[in-house]
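Everything on this sheet refers to the single structure shown next.
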Amino acid sequence: MERVSFSPLSRVAICGGTHGNEMSGVYIVREMQKQKVDQKGLVSITTVLSNPRAVDACIRYTETDLNRCFTDALLSAPITDSTSYELRRARELNAQLGPKGSREAVDLLCDLHNTTANMGMCLILSSYDWISLHIYKYIQSKMTSAPVRAILLDIPSSEAYSLESVGKHGITIEVGPQPHGVLRADIFNMAKEAMDLSIEWLQKFNSGSAFEGGEVEGYTAVRSVDYPRDPITNDITAAIHPQLQDNDFKLLHKGDPVFQSFSGETVKHEGEDLYPLFVNECAYYEKKIAFRLTKKITVTLPSISVKADRV
């Protein structure tokens with residue numbers, strides 16, 4: 001593949017508290033604001049607490065999930081008296097950090113999240129974007145505290161719903177396990193290291209370093225699996241099986257146990273071999289998702305560098 005060049009990436013936004021009870025991002029952003037961190041080398045940094053009302057209440061959101069509010073349709077919908085706080089806040093963030101899809105948008109938006117699932121260090125990318133994928137490759141090569149994996153989505157920009165899609169390039173840093181409303185030093189440190197490495201990559205890129213291409217592995221969504229439910233009450237009738245619990249990214253074979261009913265019966269996985277993610281994620285109970293099933297793919301990256309005519 002031929003080398004691809006990009007304009008300098010000088011403006012980065014670091015966001016935390018998009019979900020108000022995911023504490024690593026909240027405290028990383030607060031500390032950066034306390035230390036007045038707004039510039040590193042050739043990179044200017046904007047820090048944002050994305051959902052301040054939810055952060056103050058230490059809840060995921062107040063009315064609707066802010067991290068589902070950034071599609072073009074929602075950002076352009078008329079504001080009425082019934083418009084939720086999070087939809088209004090999405091408009092504010094889009095104006096501050098975007099507008100989405102415009103030349104004025106920040107060059108990189110890094111959104112910090114936690115999961116209660118045993119995901120370790122995971123990046124979520126809305127699209128197969130060379131910049132974001134190279135940052136993933138760089139973090140993966142540098143971090144030693146945990147395996148670094150990526151969920152690779154392929155969503156048209158207009159339909160991308162998460163905050164990171166507002167930037168020209170974006171990554172969601174998803175680290176766990178960490179209970180909601182709780183701060184763990186090991187999880188905090190992993191999130192901060194990934195964020196620091198992202199900024200380090202930008203500094204090197206802007207200074208003229210070329211990054212060689214190669215292959216990276218990622219996981220792409222196949223389907224979500226709900227808990228077994230009572231057909232009348234719709235209440236769940238089983239929990240995640242102990243052999244699946246905490247085994248995110250471990251290949252699930254046909255016949256492997258996935259649920260244990262409250263009466264002690266085992267429900268087994270049917271169908272093709274796939275990788276489970278977000279296993280028993282607390283926030284997904286309301287979405288009727290017990291875990292997501294994915295397949296592993298390989299993406300070939302071109303070499304990239306900054307355009308030679310930069311100023």
Side-chain angles (χ1 to χ4, degrees), residues 19 22 60 65 67-68 113-128 133 136-137 139-140 143 145-155 161-162 172-180 184 186-187 190 215-300:
H19 293 138
E22 297 178 6
R60 184 174 176 87
D65 191 337
N67 211 39
R68 302 295 185 272
H113 286 255
N114 291 122
T115 172
T116 63
N118 189 30
M119 298 277 285
M121 169 52 61
C122 182
L123 307 185
I124 304 175
L125 311 183
S126 291
S127 65
Y128 290 30
L133 284 164
Y136 162 49
K137 183 171 180 279
I139 294 172
Q140 194 176 52
M143 278 194 73
S145 56
V148 181
R149 305 179 179 96
I151 300 171
L152 306 179
L153 307 177
D154 190 13
I155 305 174
Y161 49 75
S162 53
T172 296
I173 295 176
E174 184 83 65
V175 195
Q178 180 168 278
H180 294 326
R184 284 179 48 160
D186 56 343
I187 302 298
M190 282 196 288
E215 293 185 341
V216 293
E217 288 185 340
Y219 297 81
T220 184
V222 175
R223 66 179 185 273
S224 297
V225 178
D226 190 11
Y227 295 89
R229 294 182 180 273
D230 184 288
I232 298 174
T233 66
N234 207 35
D235 292 336
I236 65 172
T237 58
I240 295 292
H241 195 279
Q243 291 185 37
L244 176 58
Q245 182 64 51
D246 299 328
N247 280 313
D248 301 71
F249 296 104
K250 182 179 178 181
L251 188 61
L252 194 61
H253 300 280
K254 182 177 181 179
D256 286 346
V258 289
F259 296 108
Q260 186 176 80
S261 75
F262 301 143
S263 58
E265 299 170 341
T266 295
V267 178
K268 297 180 179 181
H269 174 61
E270 298 293 337
E272 63 183 314
D273 296 351
L274 294 167
Y275 294 87
L277 309 183
F278 289 107
V279 175
N280 206 15
E281 161 59 45
C282 172
Y284 285 178
Y285 276 72
E286 69 177 26
K287 301 179 188 296
K288 296 187 177 181
I289 297 173
F291 53 90
R292 297 187 187 275
L293 288 173
T294 65
K295 61 182 178 181
K296 188 184 290 187
I297 62 170
T298 300
V299 179
T300 301

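Predicted model, so just to flag it, every value in this text is computed and none were measured.
Glu174 places no side-chain N or O within 3.5 Å of a backbone atom of Cys122 that could act as its donor or acceptor partner. No side-chain donor-acceptor contact under 3.5 Å links Asn247 to the backbone of Lys250. In this structure, the side chain of Asn114 engages the main chain of Val175 through a donor-acceptor pair within 3.5 Å. Asp248 places a side-chain N or O within 3.5 Å of a backbone atom of Val279 that can act as its donor or acceptor partner. Looking only at distances, no side-chain donor or acceptor of Ser261 sits under 3.5 Å from a matching main-chain atom of Thr237.
Counting heavy atoms from C-beta on, the side chains of Glu281 and Met119 never come closer than 4.5 Å. In this structure the side chain of Lys254 reaches within 4.5 angstrom of the side chain of Glu270, judged on heavy atoms. At a threshold of 4.5 Å between non-hydrogen side-chain atoms, the residues Asn280 and Thr116 do not count as touching. Here the side chains of His241 and Thr266 are in contact, with some heavy-atom distance below 4.5 Å.
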**Asked** Can you list the steps and then say if Leu123 with Thr172 is a side chain to side chain contact (heavy atoms under 4.5 Å, CB included)?
**Response** CA-CA 6 Å; Leu123 307 185; Thr172 296; over 6 Å; no
**Request:** Would you sort out whether Leu274 and Leu252 count as a side chain to side chain contact (heavy atoms under 4.5 Å, CB included), showing the intermediate values?
**Result:** CA-CA 5 Å; Leu274 294 167; Leu252 194 61; 5.6 Å; no
**Request:** Quick one: do Ile289 and Phe278 satisfy side chain to side chain contact (heavy atoms under 4.5 Å, CB included)? Show the steps, please.
**Result:** CA-CA 9 Å; Ile289 297 173; Phe278 289 107; over 6 Å; no
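Looking at residues two or more places apart in sequence or on another chain, you find a salt bridge (charged side-chain N to carboxylate O under 4.0 Å, His left out) between Arg60 and Glu22, Asp65.
Under the 30°/60° scheme for interplanar angles, the aromatic rings of Tyr227 and Phe259 are found to be tilted. The aromatic rings of Tyr275 and Tyr219 sit perpendicular, their planes meeting at an angle over 60°, well past the 30° parallel limit.
The local environment of NZ in Lys295 is sparse, with at most 12 non-hydrogen atoms from other residues, nucleotides or ligands closer than 6.0 Å.
Between atom CG of residue Leu133 and atom CG of residue Leu125 there is a gap of 5.5 Å, rounded to the nearest 0.5 Å.
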